[in-house]
Protein chains: 2
Amino acid sequence: MALESLVGYNLKRAYVILQNDYRAVMGDHGLSPRVFSALTFVVETPNLTQSDLARRLGIERSGLVAIVDELEGRGYLCRVAVPQDRRVQALSPTDAGVQAYEAALKLVHDHEDRILHTLDAVERAQLLHLLKKIRETGE
Amino acid sequence: MALESLVGYNLKRAYVILQNDYRAVMGDHGLSPRVFSALTFVVETPNLTQSDLARRLGIERSGLVAIVDELEGRGYLCRVAVPQDRRVQALSPTDAGVQAYEAALKLVHDHEDRILHTLDAVERAQLLHLLKKIRETGE
DNA sequence: GATAATTGTTAACCTAGTAAACGATCTAGG
DNA sequence: CCTAGATCGTTTACTAGGTTAACAATTATC
């Protein structure tokens, strides 16, 4: 079967498996992968603007609006006006946002430990390294 | 940045990069990844039925209909009635389908060679092995 | 000071799926 | 034999996760 030796095919199948397990672990009202990623950037990056965040996530500004809306709706961040540039909205995490991020990160680690339990530490590091190498050539 | 050490995040980013390059190489009217995968199974598997194919692709039967419709519309396969079981439609590739498959496979190999040029043969084999290991635990 | 670029946002659209229901058909148990 | 359940392909409605194009407001550049 030609597909079995294609990286793209195996990458997609593995991606779907991880995503399904992610959702199972995070539950029905948990943060979706993209919302969790966005929250991570917001918590870890001071003075982040929406355009910044969209670029870092590799999506369009327009697509980010719904994500930020959700995080704001959950009370996990605030859009704060920036006097130096009145076009932008800086994204500032709330205390609840930081807490939710830390709790979600624990769940995500549990999920990855579970779904990747057949990979030892060396293999997992290898996998990360190889995926990053792909990212570097394509971004 | 916590995301950088997560397999899921890196997997998705790498997957998006491969998918974008795939589409760039295959062109605007080329076979989409899922349609190419389906055609591969049809060409390589005699007497394949739609339910079989859906199971192998890991999608629902209902979702497969549009894919088979497209392949049939392009003249790459025929739905043929099976006398032994009048519920099923066997999927039989046409000559044009086999030809299109072989041409597409060449393009896919070109695409993977290009996007993965920073990985040597050993790394590429490692990556395939690790992705397959994930697939085995999750399917 | 005019022109161009950037920001956040909305609206319309697209892709790739899922879930539920359907009639047709096949299979197994009594 | 025949009835209950399973399976097959299909349609319909829906969802997630994006994109592109346009917009007013604002800032940067020449």
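In the text below, chain A, chain B and the rest are named by the order of the sequence lines, each starting its count at 1.
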Checklist entry - Between A:Arg86 and D:dT27, is there a side-chain N or O to OP1/OP2 distance below 4.0 Å? => result yes

Checklist entry - Between A:Phe36 and A:Tyr101, how do the two ring planes meet: parallel, tilted or perpendicular, split at 30° and 60°? => result parallel

Checklist entry - Taking atom CD of B:Gln99 as the centre, does the number of heavy atoms from other residues, nucleotides or ligands within less than 6.0 Å exceed 12? => result no

Next on the checklist: I'd like to know if B:Asp69 and B:Arg74 make a salt bridge, using a cut-off of under 4.0 Å between side-chain N and carboxylate O.
Outcome noted: no

Item to check | Inter- and intrachain pairs under side chain to side chain donor-acceptor pair (under 3.5 Å), touching residues 23-41 of chain A, at least two apart | outcome: none

Checklist entry - When the distance from CD of A:Glu70 to C1' of D:dT15 is rounded to whole Å, what number comes out? => result 14 Å

Next on the checklist: Donor-acceptor pair, distance only, cut-off 3.5 Å: does the side chain of B:Glu112 make one with the backbone of A:Val7?
Outcome noted: yes

Checklist entry - When you match A:Val82 and A:Gly58 each to their closest nucleotide on DNA chain D, which lands nearer the 5' end? => result A:Gly58

Checklist entry - When you check the gap from the basic side-chain N to the acidic O, do B:Arg61 and B:Asp52 get nearer than 4.0 Å? => result no

Checklist entry - To the nearest angstrom, how far is B:Glu60 atom CD from D:dC8 atom P? => result 12 Å

Checklist entry - How many Å lie between CD on B:Gln84 and C1' on D:dC8, as a whole number? => result 15 Å

Item to check | Under 4.0 Å protein heavy-atom contacts per nucleotide of nucleotides 2-8 of chain C, with B for base, S for backbone only and - for none | outcome: ----BBB

Checklist entry - Over how many whole Å does the gap from A:Arg23 atom CZ to C:dA19 atom P extend? => result 12 Å

Checklist outcome for this item: Between CG of A:Leu64 and P of D:dG17 the distance, given in whole Å, is 14 Å

Checklist entry - Between B:Asn47 and B:Ala90, is there a donor-acceptor pair closer than 3.5 Å when you use the side chain of the first and the backbone of the second? => result no

Item to check | Rounded interatomic separation in angstrom, taking CG from A:Leu57 and C1' from D:dG18 | outcome: 13 Å

Checklist entry - In whole angstrom, what separates A:Leu91's CG from C:dT9's C1'? => result 14 Å

Next on the checklist: Could you check whether the side chain of B:Ser62 and the base of C:dA19 have a donor-acceptor pair of N or O atoms closer than 3.5 Å, going by distance alone?
Outcome noted: yes

Item to check | Earlier contact from the 5' end, DNA chain C, for A:Val16 and A:Val68 | outcome: A:Val68

Checklist entry - Whole-Å distance between D:dG17 C1' and A:Leu31 CG? => result 16 Å

